[in-house]
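Here the structure is a predicted model, which means the values were calculated and not measured.
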Amino acid sequence: MALIINIDTATVRGSVTLARDGKIIQTMASEEQRDHAATIPLFIQQILNEHGIHPDALDAIAVSAGPGSYTGLRVGVATAKGLCYAWNKPLIAVSTLKMMAQGMLLQQGDSNILYAPMLDARRAEVFTAVYNASLEEVLAPQAMILEGDSFKDLLQQHKIIFFGDGSPKWREMLVSTDNAIFAGYEINAGDMAPLSELAFAKKDFADLAYFSPFYLKPFFFPKKG
């Protein structure tokens, strides 16, 4: 039973959601990744002002912890940690992929399929994982170089729904199978709300001093010339 600010900046789309007891009160979003550092703090201030909520009334700050864009994750985590220090609140770190699976589960409502969020990680690579309807990991989060048979064993046994900005290139590679389903998905901090509420109830807080995003692979430095 908590009042939590949820922050997601893992992709081009950044958003902030105020939630009480896991239920969304308001969400604000920006489609301009280069503006996240400026817009996310303004969104938080605006949402609190509109609902007459003083920071003292908040119970925690939750952040989408990765994987995702290096710059985006740094902005989100730095913002969340700064607010936690300033307002003396605990930090909750939520896997970006699990947050996406939570959102698609709410969208589909199907407990008989598996959920495979995908984030584009350049070229043929994606950040991905596979979850069941209880959001338990069937395939652990990882950076995966896609091949035509990447999910062959799972697809032989289960229907899997693939979604996220990495899923279109997987669809192009996939050898036809009836068990692969593709769906549209818009990443949203509101999908974090049930997970951050659960983490708060369990007092599953991140170490404020030492927490860093889950990058999953080293930073890519493009060569010049």
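- Counting only distance, with no hydrogens or angles, the side chain of Glu197 and the backbone of Met1 share a donor-acceptor pair below 3.5 Å.
- For Glu172, the salt bridge (charged side-chain N to carboxylate O under 4.0 Å, His left out) test picks out no residue, with sequence neighbours left out.
- Taking the ring centroids of Phe214 and Phe211, they lie under the 6.0 Å cut-off.
- To the nearest 0.5 Å, the span separating OG on Ser150 from CE on Met144 amounts to 5.5 Å.
- Taking the side-chain hydrogen bond (donor to acceptor under 3.5 Å, both in side chains) definition, one finds that Glu32 meets it with Arg34, sequence neighbours left out.
- At distances below 3.5 Å, at least one donor-acceptor pair connects side-chain atoms of Gln142 with backbone N or O atoms of Ala140.
- When ring centroids are compared, Tyr115 and Phe162 stay outside the 6.0 Å threshold.
- At a threshold of 4.0 Å, the pair Lys89-Asp59 does not count as salt-bridged, since none of the basic side-chain nitrogens sits closer than that to a carboxylate oxygen.
- Annotation: Asn88, atom CG; neighbour count of heavy atoms from other residues, nucleotides and ligands within 6.0 Å does not exceed 12.
- A 6.0 Å sphere centred on CG of Asp178 holds no more than 12 heavy atoms belonging to other residues, nucleotides or ligands.
- Looking at heavy atoms from C-beta onward, Ile5 lies in side-chain contact with Val16 at the 4.5 angstrom threshold.
- Between Ile44 and Ile61 there is no side-chain heavy-atom pair separated by less than 4.5 Å.
- Residues that satisfy the side-chain hydrogen bond (donor to acceptor under 3.5 Å, both in side chains) test with Thr9, not counting sequence neighbours, are absent from this structure.
- Ring centers of Tyr70 and Tyr215: under 6.0 Å apart, within the cut-off.
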